[in-house]
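Since the structure comes first, as structure tokens, the remarks are kept for the end.
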Protein chains: 2
Amino acid sequence: MSQGASVVPFEVDASCVAYATGERAKACTVREVLDRVGGKWSIGIIVEASQAPVRFTELERTVEGISRRMLTLTLRNLERDGLLTRTVYPTVPPKVEYRATPMALELYDTLVALTGWADRHRETIAAARDEYDREHGAAVA
Amino acid sequence: MSQGASVVPFEVDASCVAYATGERAKACTVREVLDRVGGKWSIGIIVEASQAPVRFTELERTVEGISRRMLTLTLRNLERDGLLTRTVYPTVPPKVEYRATPMALELYDTLVALTGWADRHRETIAAARDEYDREHGAAVA
DNA sequence: CAGGATCCTGGCTGATACTG
DNA sequence: CAGTATCAGCCAGGATCCTG
């Protein structure tokens with residue numbers, strides 16, 4: 001985190017540059033990737049599927065608030081992007097297991113760091129929000 | 001985005017639990033925090049503002065693709081949550097500087113890790129996506 | 001059990017125009 | 001320069017009903 005540089009266009013690493021410039025053509029943009037991961041339910045699902053293989057209904061209960069539709073959609077997208085594998089067991093009551101791919105597992109630590117950060121600062125953020133609302137007209141929901 | 005509390009079967013750490021259970025009441029949910037950070041433009045702005053103080057127009061040029069409106073809105077939200085400070089210099093051409101707060105700076109490394117991961121795997125993801133589309137009837141958008 | 005299909009809404013978002 | 005205001009569109013997301 002260099003802050004000394006005064007002129008500093010950006011001394012960021014390649015990934016951030018690619019992110020900022022929206023450099024495409026090659027493959028997915030960093031933004032495209034982040035959009036997928038940053039989806040409302042993706043993180044929760046990836047985290048769950050990183051612990052152990054999970055079944056559809058399991059996720060439906062674990063990831064609170066998700067609708068069946070969104071679970072299906074998110075699952076499909078994550079599978080499409082190679083972040084989850086979907087295994088169907090042709091048993092009589094169908095059984096489908098989702099598990100994180102190595103690529104997704106590699107992301108796990110970062111996600112834990114992210115949720116950890118969020119967790120550590122929630123109160124501070126809530127406080128900041130309250131104060132901001134108090135100073136400025138309030139009511140911003 | 002309303003959620004109820006419940007039980008989490010897995011042995012995740014506290015942050016993930018808080019995330020999964022959507023435990024509120026205290027402060028912001030982990031999800032609420034992540035929603036803010038996970039916004040379409042937040043990461044880019046935080047990353048920029050973590051390098052050095054940035055001005056409005058600077059961000060407008062650096063964060064490619066953002067509209068003036070969204071820049072303003074995202075900036076306001078980030079400021080409200082205490083992730084950015086806004087400094088107004090009452091000069092004749094107005095000058096406003098945004099800089100990341102310590103809390104946001106703490107997040108910087110994680111964000112770099114995240115964008116780094118995204119960058120490293122963009123091609124893999126694009127490939128997985130292509131293959132998925134080829135196997136399944138294509139057109140899943 | 002694990003989806004698929006459909007309908008519908010609200011919020012995020014972009015485009016455009018105006019201002020201190 | 002650094003915003004604010006307004007209008008309109010898209011689509012993520014929810015609710016509901018149906019199936020292999």
Side-chain angles (χ1 to χ4, degrees), chain A residues 22 31-32 34-45 48-49 53-81 84-99 136-137 139-141, chain B residues 1-4 22 29 31-32 34-45 48-49 53-81 84-99 132 136-137 139-141:
Chain A
R31 155 150 307 131
E32 289 181 293
L34 290 183
D35 278 349
R36 169 98 339 131
V37 174
K40 191 174 180 184
W41 309 106
S42 301
I43 295 184
I45 292 177
E48 291 301 326
V54 271
R55 303 183 56 178
F56 188 88
T57 311
E58 234 173 317
L59 285 170
E60 203 174 359
R61 279 172 303 143
T62 312
V63 184
E64 291 271 321
I66 195 170
S67 66
R68 188 159 293 179
R69 174 187 142 85
M70 286 318 295
L71 179 54
T72 302
L73 283 180
T74 309
L75 246 21
R76 284 292 167 281
N77 280 326
L78 291 176
E79 186 198 354
R80 187 163 97 106
D81 287 359
L84 292 183
T85 59
R86 178 172 178 269
T87 313
V88 182
Y89 299 89
T91 56
V92 175
K95 176 181 176 183
V96 180
E97 271 188 357
Y98 295 91
R99 71 184 63 195
H136 308 64
V140 184
Chain B
M1 175 180 35
S2 53
Q3 306 179 248
T29 308
R31 155 149 307 131
E32 288 181 294
L34 290 182
D35 278 349
R36 169 98 340 130
V37 174
K40 192 174 180 182
W41 308 106
S42 302
I43 294 184
I45 293 177
E48 291 302 325
V54 272
R55 302 183 56 178
F56 188 88
T57 312
E58 235 173 317
L59 285 170
E60 203 173 1
R61 280 171 304 142
T62 312
V63 183
E64 295 266 324
I66 195 170
S67 66
R68 187 160 293 179
R69 174 186 146 83
M70 285 319 295
L71 180 54
T72 303
L73 284 180
T74 310
L75 246 22
R76 286 290 168 281
N77 280 325
L78 291 175
E79 186 199 353
R80 186 163 97 106
D81 287 359
L84 293 183
T85 60
R86 179 171 177 270
T87 312
V88 182
Y89 299 90
T91 56
V92 174
K95 176 180 174 181
V96 180
E97 273 187 356
Y98 295 91
R99 72 183 65 196
Y132 184 94
H136 309 61
V140 183

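Just so we're on the same page: letters track the sequence lines, and every chain starts at 1. If you're wondering where the values come from, they're calculated on a predicted model, not measured in any experiment.
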Next on the checklist: Need two values: the first and the last nucleotide of DNA chain C, 5' to 3', having an atom under 4.0 Å from any heavy-atom of chain A.
Outcome noted: C:dC1 to C:dT6
Item to check | Non-hydrogen side-chain atoms of B:Asp35 and B:Glu32 separated by less than 4.5 Å | outcome: no
Checklist entry - Nearest 0.5 Å, what's the CZ-CZ distance between B:Arg61 and B:Phe56? => result 12.0 Å
Checklist entry - Over how many whole Å does the gap from A:Asn77 atom CG to D:dC11 atom P extend? => result 14 Å
Checklist entry - With a 4.0 Å cut-off on heavy atoms, is B:Tyr89 in touch with a base, just the backbone sugar-phosphate, or nothing at all? => result nothing
Checklist entry - Where each residue is assigned the nucleotide of DNA chain D containing its nearest heavy atom, which of A:Leu73 and A:Pro94 is assigned the position nearer the 5′ end? => result A:Leu73
Item to check | Interatomic distance, B:Arg69 atom CZ to B:Thr74 atom OG1 [nearest 0.5 angstrom] | outcome: 9.5 Å
Checklist entry - Under 4.0 Å between a side-chain N/O of B:Arg86 and OP1 or OP2 of D:dG3, yes or no? => result yes
Next on the checklist: Any heavy-atom pair between the side chains of B:Ile43 and A:Leu34 that's under 4.5 Å?
Outcome noted: yes
Checklist outcome for this item: Closest non-hydrogen contact found for A:Glu64 with A:Trp41 is O-CZ3, 3.7 Å
Checklist outcome for this item: Atom CE of A:Met70 and atom P of D:dC11 are separated, to the nearest Å, by 14 Å
Next on the checklist: A side-chain contact here means heavy atoms from C-beta on lying under 4.5 Å apart; do A:Leu59 and A:Leu75 qualify?
Outcome noted: yes
Item to check | Beyond-backbone contact of A:Ile45 with A:Leu78, side-chain heavy atoms, under 4.5 angstrom | outcome: yes
Next on the checklist: Output one letter per nucleotide in nucleotides 4-10 of chain D: B when a protein non-hydrogen atom lies under 4.0 Å from the base, S when only the sugar-phosphate is that close, - when neither is.
Outcome noted: B-B----
Checklist entry - To the nearest 10 degrees, how far apart in direction are the end axes of the helix from C:dC1-D:dG20 to C:dG20-D:dC1, each fit to five base pairs? => result 60°
Next on the checklist: Considering only residues two or more places apart or on different chains, which pairs with a residue in residues 84-94 of chain A satisfy side-chain hydrogen bond (donor to acceptor under 3.5 Å, both in side chains)?
Outcome noted: A:Arg86-A:Tyr98, A:Tyr89-A:Glu97
Item to check | For B:Arg68, salt bridge (charged side-chain N to carboxylate O under 4.0 Å, His left out) partners two or more places apart | outcome: B:Glu60
Checklist entry - Does B:Thr57 put a side-chain nitrogen or oxygen below 4.0 Å from OP1 or OP2 of D:dA2? => result yes
Item to check | For atom CG of B:Asp35 and atom P of D:dA12, their distance in whole Å | outcome: 15 Å
Item to check | Closest non-hydrogen atom pair between B:Val37 and B:Ser42, with its separation | outcome: O-CB, 3.4 Å
Checklist entry - What is the distance from CD1 of A:Ile66 to C1' of D:dA12, rounded to the nearest Å? => result 12 Å
Next on the checklist: Going by side chain to side chain donor-acceptor pair (under 3.5 Å), name the residues that satisfy it together with B:Glu79, two or more places apart in sequence or in a different chain.
Outcome noted: none
